[in-house]
Peer 1: 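One structure follows; several queries about it will come next.
Numbering of ligands and ligand atoms starts at 1, following listing order. What you see below is based on every heavy atom in this structure, not just the backbone, and it leaves out hydrogens, waters and symmetry mates. Small disclaimer: the values here were computed from a predicted structure and weren't measured.
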Amino acid sequence: MQVPLAILLLDLDRFRDVNDTLGFSVGDELLTAVARRLSDRLRVGDAVARLGGDEFLLFVHLAEDAGEAAVVAQRLLDSFALPFPVGDREIYVTATLGITLFPADGQGLDSTLRRAHMALADAKRAEPGGFRFYSPEMERQVALRQEIENNLMPGLERGEFSVHYQPKISTVDGRVVGLEALVRWNSPVSGMVPPSLFIPLAEERGFIVPLGAWVLRTAVAQAKAWLDQGFEELVVSVNLSGRQLANREIVTTVKETLAASGLPASLLELEVTETAVMADIERSLLVLEELAALGVNLSLDDFGSGYSSLSYLNRLPVNRIKIDREFVKEVGETTDDSVIARAAIAMGHTLGLLVIAEGAETVKQVSFLHDNGCDEIQGYYYSPPVPAERLQVMLAANGKRKPTSA
Ligand code: C2E
Ligand code: MG
Ligand code: MG
């Protein structure tokens with residue numbers, strides 16, 4: 001009878017940082033120390049080998065079931081709580097594990113390794129520092145991602161993308177003061193693909209740059225058309241991804257897009273997420289300063305979901321903060337969300353910024369935000385994102401149109 005084996009693929013987290021900051025020889029010594037610790041923690045008869053880079057392959061014999069592999073995996077990960085001695089210093093590093101069973105999960109060694117890699121990639125994405133078992137669902141997810149990736153660029157060329165607009169309502173007079181442009185993809189292969197699925201893939205692949213430029217062009221042209229029809233002072237917001245923010249090319253793109261359309265810069269807003277800005281704050285500051293110099297508005301999106309240092313927040317050339325949907329969910333219901341939302345509003349105002357809340361769905365949320373001085377509200381309560389034609393009907397009813405041109 002074949003002995004069931006668990007194949008564990010272990011990868012160090014952020015090992016590149018060690019190499020980059022402390023040098024390759026320290027990196028090498030760290031790998032040796034990790035190898036030593038791993039083999040110390042294994043049972044007699046189990047084995048560990050370095051696959052290359054910072055990846056280690058471990059073979060663990062199972063007397064019982066997969067649960068036993070989970071116990072071993074956790075024990076190995078726990079052993080990273082202690083620092084690794086390297087020369088005269090101590091280095092802390094964490095690791096992530098992908099696990100597959102042999103022969104239960106795969107046929108040959110090749111496919112077993114592939115599955116361990118898949119489980120590792122999944123763990124890295126979902127739970128760095130933890131472990132994941134391979135499951136056939138991962139196979140489907142990988143295939144789906146592959147399909148989406150392969151169809152992004154052709155999809156843009158075939159005109160499968162569109163832009164929807166969601167109104168932002170002023171709490172002062174209840175009128176539409178702005179619109180957020182949100183990209184939509186109707187793929188003949190995969191159907192309606194939500195942005196939460198394709199935007200991260202587009203970012204990974206760099207496709208976000210041409211796609212983002214297309215959204216910007218489309219939204220700016222639409223805003224100019226509305227301006228020409230007499231809908232004045234409507235500010236259109238376009239989301240920028242971290243990848244776009246990391247490159248000064250975006251400044252030229254925005255400048256040229258505005259010039260080509262004739263839309264005044266003051267009627268464009270760019271939304272950048274707190275997380276993207278803070279990922280490389282010095283670089284972000286540089287790009288944001290240049291964008292602000294063009295005269296466009298800047299908004300800090302998903303505020304509260306990342307970690308802004310207050311000193312940086314004060315230096316960012318933003319006009320608005322947008323409170324993350326997560327904190328709007330239960331305002332007026334739980335004290336936690338209410339306290340956070342109230343604090344965010346007060347802080348924004350202290351910094352001289354306008355505060356907008358996203359994701360408001362109920363009358364309770366809306367009246368809480370209203371009562372607590374939030375300046376603008378966006379959410380299904382007023383309207384979901386809709387195609388331009390439908391929004392136009394709403395705008396006309398809203399009285400945003402210049403009376404003379406009505
Ligand atoms: P975001 O910028 O925070 O956009 C708000 C999201 O919340 C949108 O999801 C919107 O449809 C949704 N939403 C609005 N009101 C409500 C509500 O009352 N309840 C709930 N549950 N949801 C609401 P969407 O369109 O799926 O977009 C998701 C994210 O994808 C956006 O988050 C943004 O980060 C990204 N995204 C969308 N379009 C673009 C784009 O053109 N470029 C870039 N870089 N990112 C985009
Ligand atoms: Mg946004
Ligand atoms: Mg948001």
Side-chain angles (χ1 to χ4, degrees), residues 148 152 155-156 160-169 176 178-186 192-220 222-223 235-247 250 253-254 257 268-277 279 297-306 318-331 337 341 344 355-366 368-369 374 376-388 390-391:
I148 289 173
L152 279 167
L156 184 61
E160 294 163 13
F161 287 86
S162 61
V163 177
H164 284 191
Y165 299 86
Q166 186 177 36
K168 302 179 180 182
I169 313 296
V176 180
L179 307 165
E180 177 171 14
L182 292 157
V183 67
R184 294 290 176 263
W185 182 20
N186 192 358
M192 277 306 266
V193 188
S196 55
L197 202 59
F198 71 80
I199 295 280
L201 291 176
E203 284 213 33
E204 263 171 49
R205 288 305 170 105
F207 173 70
I208 193 70
V209 174
L211 179 67
W214 178 84
V215 173
L216 183 72
R217 264 200 317 279
T218 308
V220 161
Q222 181 61 64
V235 177
V236 70
S237 307
V238 175
N239 292 283
L240 289 192
S241 84
R243 183 101 175 210
Q244 289 170 287
L245 191 62
N247 196 320
I250 187 64
T253 307
V254 170
T257 307
L268 175 65
E269 180 176 80
L270 300 170
E271 296 192 5
V272 289
T273 66
E274 185 185 20
T275 311
V277 169
N297 306 283
L298 297 170
S299 173
L300 198 58
D301 203 352
D302 302 345
F303 182 75
S305 64
V318 297
N319 321 75
R320 269 190 184 71
I321 55 173
K322 193 188 255 194
I323 305 175
D324 191 61
R325 198 162 72 218
E326 231 9 76
F327 304 112
V328 173
K329 240 186 211 160
E330 305 205 337
V331 291
D337 277 5
V355 181
I356 174 162
E358 66 179 0
E361 297 181 356
T362 66
V363 65
K364 206 163 191 176
Q365 291 164 337
V366 168
F368 176 93
L369 294 164
C374 192
E376 293 165 14
I377 305 176
Q378 180 183 351
Y380 295 168
Y381 177 77
Y382 292 107
S383 167
V386 293
R390 272 185 54 200
L391 198 104

Peer 1: If you measure from atom 4 (O) of ligand 1 to every heavy atom of T362, D301, L182, V328, which option wins on shortest distance?
Peer 2: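 The nearest heavy atom belongs to L182.
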
Peer 1: Please identify which atoms of ligand 1 are closer than 4.0 Å to at least one heavy atom of D302.
Peer 2: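 Those atoms are 3 (O).
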
Peer 1: Please give the atom name: the N, O or S atom of D301 nearest to the Mg ion (ligand 2).
Peer 2: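 Answer by atom name: OD2.
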
Peer 1: If you count the atoms of ligand 1 from 1 in the order shown, which ones are under 4.0 Å from a heavy atom of S241?
Peer 2: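 With S241 as reference, the close atoms of ligand 1 come out as 44 (N).
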
Peer 1: With atoms numbered from 1 as shown, which atoms in ligand 1 lie under 4.0 angstrom from a non-hydrogen atom of E361?
Peer 2: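 So the atoms of ligand 1 that pass are 17 (C), 18 (O), 19 (N), 20 (C), 21 (N).
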
Peer 1: Please name the residue in the list Q166, K168, R325 that meets the side chain to side chain donor-acceptor pair (under 3.5 Å) test with Q378.
Peer 2: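 Of the listed residues Q166, K168, R325, the side chain to side chain donor-acceptor pair (under 3.5 Å) partner of Q378 is Q166.
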
Peer 1: Pick whichever of Q365, E358, R325 has a heavy atom sitting closest to atom 12 (C) of ligand 1.
Peer 2: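 Heavy atom nearest to atom 12 (C) of ligand 1 belongs to R325.
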
Peer 1: Decide yes or no on side chain to side chain contact (heavy atoms under 4.5 Å, CB included) for V277 and L245, but give the supporting numbers first.
Peer 2: CA-CA 8 Å; V277 169; L245 191 62; 3.9 Å; yes

Peer 1: Is there an N/O/S atom in N239 that lies less than 2.8 Å from the Mg ion (ligand 2)?
Peer 2: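 For N239, the answer is yes, given that an N, O or S atom comes within less than 2.8 Å of the Mg ion (ligand 2).
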
Peer 1: Taking both backbone and side-chain atoms into account, decide whether D324 has an N/O/S atom under 2.8 Å from the Mg ion (ligand 3).
Peer 2: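 Coordinating: no.
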
Peer 1: Using a 4.0 Å heavy-atom threshold (strictly under), name the region of Q166 that reaches ligand 1: side chain, backbone, both or neither.
Peer 2: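 For Q166, the contact with ligand 1 is made by the side chain alone.
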
Peer 1: Within the 4.0 Å heavy-atom shell around V215, which atoms of ligand 1 are there?
Peer 2: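 In order of numbering, the contacting atoms are 41 (O).
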
Peer 1: Going by the side chain to side chain contact (heavy atoms under 4.5 Å, CB included) test, name the single residue among D302, I323, I377 that passes it with E358.
Peer 2: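 Result: among D302, I323, I377, D302 is the only option passing the side chain to side chain contact (heavy atoms under 4.5 Å, CB included) with E358.
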
Peer 1: If only atom types and distance count, is the side chain of N297 paired as donor or acceptor with the main-chain N or O of L268 below 3.5 Å?
Peer 2: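 Present.
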
Peer 1: Can you tell which of W214, Y380, W185 gets a heavy atom nearest to atom 17 (C) of ligand 1?
Peer 2: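 Nearest option to atom 17 (C) of ligand 1, by heavy atoms: Y380.
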
Peer 1: Of all N, O or S atoms in E180, identify the one at the shortest distance from the Mg ion (ligand 2).
Peer 2: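 In E180, the heteroatom (N, O or S) nearest the Mg ion (ligand 2) is OE2.
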
Peer 1: Heavy-atom pairs closer than 4.0 Å: do any link ligand 1 to the side chain of A360, the backbone, both, or neither?
Peer 2: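 For A360, only backbone atoms sit under 4.0 Å from ligand 1.
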
Peer 1: How about CZ on R205, more than 12 heavy atoms from neighbouring residues, nucleotides or ligands closer than 6.0 Å, or not?
Peer 2: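 Open: at most 12 neighbouring heavy atoms sit under 6.0 Å from CZ of R205.
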
Peer 1: Angle at the Mg ion (ligand 3), OD1 of D302 to OE1 of E358, rounded to 10 degrees, please.
Peer 2: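 Roughly 140°, rounded to 10°.
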
Peer 1: Is atom 42 (N) of ligand 1 in close reach of the protein, with a heavy atom under 4.0 Å away?
Peer 2: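 True for atom 42 (N) of ligand 1.
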
Peer 1: Under 4.0 Å and counting heavy atoms only, is there anything from the protein next to atom 32 (O) of ligand 1?
Peer 2: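 No, because not a single protein heavy atom sits under 4.0 Å from atom 32 (O) of ligand 1.
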
Peer 1: Using only N, O or S atoms, tell me which atom of E271 is closest to the Mg ion (ligand 2).
Peer 2: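 Going by distance to the Mg ion (ligand 2), the closest N, O or S atom in E271 is OE1.
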
Peer 1: Short list, please: which atoms of ligand 1 are under 4.0 Å from a heavy atom of V183?
Peer 2: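 Contacts of ligand 1 toward V183, numbered from 1: 38 (N), 39 (C), 40 (C), 41 (O).
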
Peer 1: Can you list the ligand 1 atoms lying under 4.0 Å from a non-hydrogen atom of P385?
Peer 2: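 The atoms of ligand 1 under 4.0 Å from a heavy atom of P385 are 11 (O).
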
Peer 1: From D301 CG over to R320 CZ, what is the distance, rounded to the nearest 0.5 angstrom?
Peer 2: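 Atom-to-atom, D301:CG and R320:CZ are 12.0 Å apart.
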
